[in-house]
There are 2 protein chains.
Amino acid sequence: MVTIRDVAKAAGVSVATASRALNGMSIVTAKTREKIEAAATALDYVPHSGARSLTKRKTDTIGVILPDLFGEFFSEIIRGIDLVTHRAGKSLLLGNMHGSAEETAQAIRAMRGRVDGLLVMPPNSRADTVEAVTRDIPTVLLNAQGTDDVTPFVSVDNYAGARLVTNHLIDRGARNIIHIAGPANNRDARERQRGYCDVLAERTGNGSPLILPGDFRDDAGREAARLLLTSGITFDAVFASNDMMAVELMSELRVAGLQIGSDILVAGFDDIPLARHVTPGLTTVHSDITRVGSTAAELMLRMMEGETLERDQSLIIAPTLAIRGSSGGGAGTART
Amino acid sequence: MVTIRDVAKAAGVSVATASRALNGMSIVTAKTREKIEAAATALDYVPHSGARSLTKRKTDTIGVILPDLFGEFFSEIIRGIDLVTHRAGKSLLLGNMHGSAEETAQAIRAMRGRVDGLLVMPPNSRADTVEAVTRDIPTVLLNAQGTDDVTPFVSVDNYAGARLVTNHLIDRGARNIIHIAGPANNRDARERQRGYCDVLAERTGNGSPLILPGDFRDDAGREAARLLLTSGITFDAVFASNDMMAVELMSELRVAGLQIGSDILVAGFDDIPLARHVTPGLTTVHSDITRVGSTAAELMLRMMEGETLERDQSLIIAPTLAIRGSSGGGAGTART
DNA sequence: TTGAAAGCGCTACCAA
DNA sequence: TTGGTAGCGCTTTCAA
């Protein structure tokens, strides 16, 4: 391995001078610089960024910790992060920890001395599980708010999104809206359910919500559909807590002869690419996930430049409604 | 920042002993170890892995360099990689380089001293653009074969996949199969086209292929459809070089009144999630992309353990055919 | 079993 | 403008 010493020796200068020349500092004679650069290329010298980080106490790397790497949600977040960090010349150190709080803490520890800052999405949005470990290092929380009122965060307003879609269904004439819940330990799912319940209470007299269990997986959508079909429950609309379940539920109801968009209105949450391609198109809540990543990265960059962010710099991204055929809204075709 | 010196001082031992105790070496007295561990927890000591990497000449990190982070393809690869590296306790350093060969080389250089090995997917599968830079470090190529006959690689057999699907269309009775090409500078696209041409030459007498330009984007699918509809070209099947174009083409042809699966057979390549959800389902070529990532990671791990892999350890993943309604195969519904 | 000290490859300070 | 050198935080000989 060729080090800066080799280059210095070959060029007949000291390591100090070599370092200065290689880093483009102006206080080096053109002639000296040339010699050094020639030696560097001749030896095919590549600086050892690990060593450099140690002396400079700066790694130009941002640690990203996500609970899982599965699905579009996470890849969009990473893409958003990369979008802004790449421009700033930072690398990304990925530390995925597959859900458990302990593994998360472990992953964060392992990043010590290898990153300048941390972007972490705590498992189940439980920020408290990571706070103890991130105290020493600039951190932005993804999709979760800290309990300390000081760590900046970026998240999606699940509650507002659920309100949006529930209101929409009522506007379209629905009176008996079923909600298919997500996993009980998932904060996002709970927020969506809360939005649904609140709107129901506000707008319909009785306000008795009807909630079926679910777990965000497609099977749950099919199961819910079968349950609805066989139970004799009265319903004219279904709001599933995510698109995956909504899509499967829709196709199951259709097979049973129900006309989606007129007999029954259906809506989901997430706006996965599939949502616009099923027939009829699925009405759903759209969040700019990429923006969650890019905004978090921007906050991080500012922190790394020494700015002290307050909690009020945090961003709760407001979702929008994507109205399609499944709620009787669009043309009922696959295209929006 | 609390270092190992602080811990040593607090415990009343030397840094050497502290290091040994903290790393679980057996040659430390139980009593000494206890003192040290107590001090470490009291001070909330977290080892600086950057410094550790420098002395041990080992980072426990694998560099991953992809041309882009967009879409399912890349996220599946990363997921595959993570699947095996996570088990081995390695982190992933992401260096995306957005396409250009120079940026790629730059990204690889920047990883020097920060990773133990490199998983790189060269832009446009041009392995030669990265070979000069990766010589000093264990490397596995993704979706590209090196020119040096020595760097291991993992890729998908685009040629075989294209043969599979073309044969299938002919088996289903197609006689005039149009191919919609991908970007000219994309090796995958060229391989797919080559497979199509070869099968045509082998099985149909005339063997005159009919190829329309494309670029993998949805617009190209629609344009090709319009061209076909207005030009008066005789055709009874279309093989698009990716699903995106196939899906759009299909919906455009359907609007024009053609019956997909009977009047016209359509097939794509990639098996994106959408493929099984459109109506009719899209017949396409399925590759286990996650496996590309996981296999590459496994090869890397073996190299890192000192094994010298030969080129014949490389893997070309054989794709399979997913037959659905668009080629007259399935029930013509959205479900497979 | 423990400690002193020499690095890992680099940067940055202080003198010259 | 250049060179010598002291670290960055850690591991690992080599002696004690």
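Reminder, nothing fancy here: chain letters follow the sequence lines and each chain counts from 1. On a predicted model such as this, the values are computed, not experimentally measured, just so you know.
Regarding contacts with the backbone of C/dT11, a side-chain N or O of A/Arg52 is found under 4.0 angstrom from either OP1 or OP2.
Listed for the A/Thr290 side chain is no donor-acceptor partner under 3.5 Å among the backbone atoms of A/Asp288. The closest donor-acceptor contact from the side chain of B/Ser49 to the backbone of A/Met111 lies at 3.5 Å or more, if one exists at all. Without hydrogens or angle criteria, A/Asp116 side chain to A/Thr59 main chain gives a donor-acceptor distance under 3.5 Å.
The distance between atom OH of A/Tyr45 and atom C1' of C/dG9, rounded to the nearest whole Å, is 7 Å. In this structure, A/Ile27 places its CD1 atom 12 Å from P of D/dG3, rounding to the nearest Å. For the pair B/His48 NE2 and C/dC10 P, the computed distance is 17 Å after rounding to whole Å. One can place CD1 of A/Ile36 at 8 Å from P of D/dT2, the figure rounded to the nearest angstrom. A/Asp136 places its CG atom 13 Å from the P atom of D/dG9, with the value rounded to the nearest Å. If you take CE of B/Met25 and P of C/dG3, they are 15 Å apart, rounded to a whole angstrom. Protein atom CZ of A/Arg57 is 7 Å distant from nucleotide atom P of D/dC8, rounded to whole Å. One can place NZ of B/Lys58 at 23 Å from P of C/dG7, the figure rounded to the nearest angstrom.
The side-chain heavy atoms of B/Ile4 and B/Ser19, taken from C-beta on, include a pair separated by under 4.5 Å. Side-chain atoms of B/Val2 and B/Asp44, non-hydrogen and from C-beta on, never get closer than 4.5 Å to each other.
A/Asp82 CG to A/Lys90 NZ: the interatomic distance, rounded to the nearest 0.5 Å, is 14.0 Å.
Near-neighbour residues of DNA chain D inside residues 5-23 of chain B, defined by a heavy atom below 4.0 Å, number-ordered: B/Ala16, B/Ser19, B/Arg20, B/Asn23. Near DNA chain D, defined here as any heavy-atom distance below 4.0 Å, there are no residues from residues 105-115 of chain B.
When distances run from any side-chain atom of B/Thr55 to the nucleotides C/dG9, D/dT11, D/dT2, the shortest one goes to D/dT11. Comparing D/dG9, D/dT2, C/dC10 by their closest approach to the side chain of A/Leu54 singles out D/dG9. Checked against D/dT11, C/dC10, C/dT1, the side chain of B/Lys56 finds its nearest nucleotide in D/dT11.
Residue B/Thr32 is in sugar-phosphate contact alone, with no base atom involved, counting any heavy-atom pair closer than 4.0 Å across all strands shown. Residue contacts for A/Ser49: at a heavy-atom cut-off of 4.0 Å it reaches no nucleic acid atom on any strand shown.
There is no side-chain donor-acceptor pair under 3.5 Å between A/Thr151 and A/Glu131. Looking at B/Ser314 and B/Gln145, their side chains never bring a donor and an acceptor atom within 3.5 Å of each other.
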Is there a salt bridge (charged side-chain N to carboxylate O under 4.0 Å, His left out) between A/Arg79 and A/Glu76? Walk through the geometry before answering.
CA-CA 5 Å; A/Arg79 207 165 72 84; A/Glu76 283 300 293; 3.5 Å; yes
